[in-house]
Protein chains: 2
Amino acid sequence: MDTPPPGPGPRVLVVDDDRTVAEVVTGYLNRAGYEVEQVEDGPAALERAAARKPDLVVLDLMLPGMDGLEVCRRLRARGPVPVIMLTARGDEDDRILGLEIGADDYVTKPFSPRELVLRVESVLRRSQASAPRPRPGSLLRAGGLTVDPAARRATKNGTELALTVREFDLLTFFLRHPGRAFGREELMREVWGWDFGDLSTVTVHVRRLRGKVEDDPATPRLVQTVWGVGYRLDAEPAPGSETVHSPAPEQEPASAPDLVDGDVHGERAPRP
Amino acid sequence: MDTPPPGPGPRVLVVDDDRTVAEVVTGYLNRAGYEVEQVEDGPAALERAAARKPDLVVLDLMLPGMDGLEVCRRLRARGPVPVIMLTARGDEDDRILGLEIGADDYVTKPFSPRELVLRVESVLRRSQASAPRPRPGSLLRAGGLTVDPAARRATKNGTELALTVREFDLLTFFLRHPGRAFGREELMREVWGWDFGDLSTVTVHVRRLRGKVEDDPATPRLVQTVWGVGYRLDAEPAPGSETVHSPAPEQEPASAPDLVDGDVHGERAPRP
DNA sequence: CCGTCGACGTCCGTGTTTCGTAAGGACCTC
DNA sequence: GAGGTCCTTACGAAACACGGACGTCGACGG
């Protein structure tokens with residue numbers, strides 16, 4: 001794919017039959033730290049690009065002989081090289097074609113060389129830094145799970161999970177507070193936003209979540225049941241402790257940022 | 001914006017210390033229906049321009065006293081007035097600088113007065129056509145889609161799409177935030193600019209957009225429905241296809257490249 | 001001036017998905 | 001073993017997304 005340019009800097013291939021324009025552009029790009037090669041027609045461009053793959057091509061649309069569009073097409077056919085088109089202003093048809101073929105940007109003549117440099121930098125940045133990647137955002141992960149709250153996506157070992165709204169919110173909440181135990185009341189308050197309600201709702205949703213998240217829902221390893229208290233997300237499989245259900249004393253609630261005093265003592269009796 | 005009325009005609013300020021050149025140019029421009037003023041040096045040009053703002057300036061690069069470039073710079077500092085530079089052939093450096101400063105066009109001496117008139121007309125035409133900003137486009141793309149916000153054009157796999165205003169704005173917004181889920185409320189706020197309103201409006205427009213953008217609108221691949229939440233543009237096929245532990249080093253790339261205008265969403269109607 | 005057309009916002013009917021609750025059984029703790 | 005807690009299943013109701021259709025408004029052309 002991208003060959004990290006060794007010494008000089010990214011290679012830019014400038015294709016323009018107008019000597020003046022080519023010189024100007026080359027000068028600016030050189031000063032901006034690029035290694036510039038300069039050709040005057042399509043065939044030469046293709047040849048040059050084949051000989052030494054450039055990191056970016058600045059391509060005039062109007063070329064003698066082979067059309068700039070054709071050149072672009074052929075360049076693209078070989079590999080995903082970024083292309084910036086130089087077009088005459090008002091040549092809307094050409095602009096359209098430029099878009100179609102897949103130029104990454106275009107600049108209309110006459111143009112400011114400085115602007116061109118900016119665009120080169122911009123295109124180069126976005127094409128090599130994160131070309132196919134839109135934006136990961138802040139991800140939550142634990143176990144084999146990955147949750148992207150912004151995209152509202154969740155994956156388990158790389159495969160996407162089809163979670164419902166409640167399931168997703170529940171899982172996200174757990175991932176935001178791993179290792180801590182939460183009572184059903186607390187979960188209902190934090191995830192559902194209710195101060196009352198049938199607590200079995202929480203139970204059912206935890207089960208449904210387990211069904212999609214756990215390898216073996218019968219013996220959960222991520223969403224643990226804390227007997228008499230509620231649930232807890234175990235991010236890492238506790239090493240050493242082999243006991244399945246360890247009634248070990250719960251860790252200090254200490255001072256969690258959010259639901260500090262949420263400890264439920266008395267009134268957790270659904271009353272059967 | 002407003003078409004220069006035929007009466008007085010657009011005002012052109014000609015700045016050249018060479019009397020002969022100035023006269024010739026003035027003559028031609030006059031005959032072409034322009035109202036021409038003529039000065040011989042930089043300070044006079046600035047003064048004249050300040051007194052009565054010209055629609056265009058024809059500026060010689062080589063001026064006694066103040067450099068033509070400096071004049072251009074100062075003119076530009078006051079407002080977006082179109083400038084055509086007169087340069088000596090071979091004055092490549094000057095040409096470079098001229099373009100850099102932001103001349104809209106240039107003509108090399110010796111030149112045909114008729115050509116100059118043509119260029120004046122051309123520049124004038126396009127400067128009043130796209131008065132606010134002749135900014136070139138920065139392209140957005142994802143999937144087989146390409147959107148040029150500046151030109152307000154969109155293509156799908158090379159064929160141009162006939163999108164309405166709303167559809168275009170909606171698509172553009174999605175492309176600017178790929179991979180993120182947005183609720184209808186949010187979309188209504190961001191794309192429509194409303195804080196209230198029937199949310200089904202969003203639904204309907206998403207459907208219409210899909211009808212034009214998706215290969216199979218019944219099973220969308222680009223504009224995904226996030227149940228109970230809203231919609232999301234999926235640029236990539238979806239993670240977790242093959243590679244399980246891909247070397248994906250998730251990071252935080254800045255979203256806005258640089259030249260891309262903020263999040264100004266087109267020209268929005270005031271609201272009926 | 002009127003008729004046509006396109007864009008837009010709204011409304012309705014329908015099929016599907018999701019949610020909350022109930023009820024019975026299994027399990028844990030004491 | 002008893003009592004309480006948790007799991008599982010099932011089901012009706014509500015929420016939701018979607019497609020179709022309608023009425024309005026403005027632009028355009030006759």
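Note: hydrogens, waters and symmetry copies are ignored here, and every other heavy atom, side chains too, is used. Predicted model, so just to flag it, every value in this text is computed and none were measured. We name chains A, B, ... by the order of the sequence lines, and we start the count at 1 in each one.
- One atom, CG of L199(A), and another, C1' of dA22(C), lie 15 Å apart when rounded to the nearest Å.
- By the 4.0 Å N-to-carboxylate-O rule, R232(B) lies too far from D148(A) to be salt-bridged with it.
- At most 12 non-hydrogen atoms from other residues, nucleotides or ligands lie less than 6.0 angstrom from CD of E185(B).
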Enumerate the protein-to-nucleotides 5-7 of chain C contacts in which both atoms are nitrogen or oxygen and the separation is below 3.5 Å.
none

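- Shown for residues 201-211 of chain A: residues whose heavy atoms fall under 4.0 angstrom of DNA chain C, namely T201(A), V204(A), H205(A), R208(A).
- Centroid-to-centroid, the aromatic rings of Y231(A) and F174(A) stay 6.0 Å apart or farther.
- Distance L187(B) CG to dG9(C) C1': 16 Å, rounded to the nearest Å.
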Could you go through residues 201-209 of chain B and list every donor-acceptor pair under 3.5 Å that involves a side-chain atom there, pairing it with any protein atom two or more places apart or in another chain?
from	atom 1	to	atom 2	distance (Å)
T201(B)	OG1	D198(B)	O	3.1
T203(B)	OG1	R184(B)	NE	2.8
H205(B)	ND1	T201(B)	O	3.1

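- Distance W192(A) CH2 to dA15(D) C1': 16 Å, rounded to the nearest Å.
- The residue F168(A) sits apart from the nucleic acid: no heavy atom pair falls under 4.0 Å.
- The distance between atom OH of Y231(A) and atom C1' of dC6(D), rounded to the nearest whole Å, is 6 Å.
- Between A218(B) and T225(A), it is T225(A) whose nearest contact on DNA chain D lies nearer the 5' terminus.
- The shortest distance between side-chain heavy atoms of K156(B) and D215(B) falls below 4.5 Å.
- For the pair Q224(B) CD and dC18(D) P, the computed distance is 10 Å after rounding to whole Å.
- Between D169(B) and W192(B), every side-chain heavy-atom pair lies at or beyond the 4.5 Å cut-off.
- If you take CG of D198(A) and C1' of dA13(D), they are 15 Å apart, rounded to a whole angstrom.
- Nearest to the side chain of R184(B), among dG20(C), dC18(D), dA22(C), sits dC18(D).
- Within the 4.5 Å cutoff, the side chain of P149(B) has heavy atoms near those of the L140(B) side chain.
- Between F196(B) and W194(B), the ring planes lie parallel to each other; the angle is under 30°, not in the 30° to 60° tilted range.
- Atom P of nucleotide dT29(C) and atom CH2 of W227(A) are separated by 7 Å, given to the nearest angstrom.
- For the pair V165(B) and R152(B), the minimum side-chain heavy-atom distance is below 4.5 Å.
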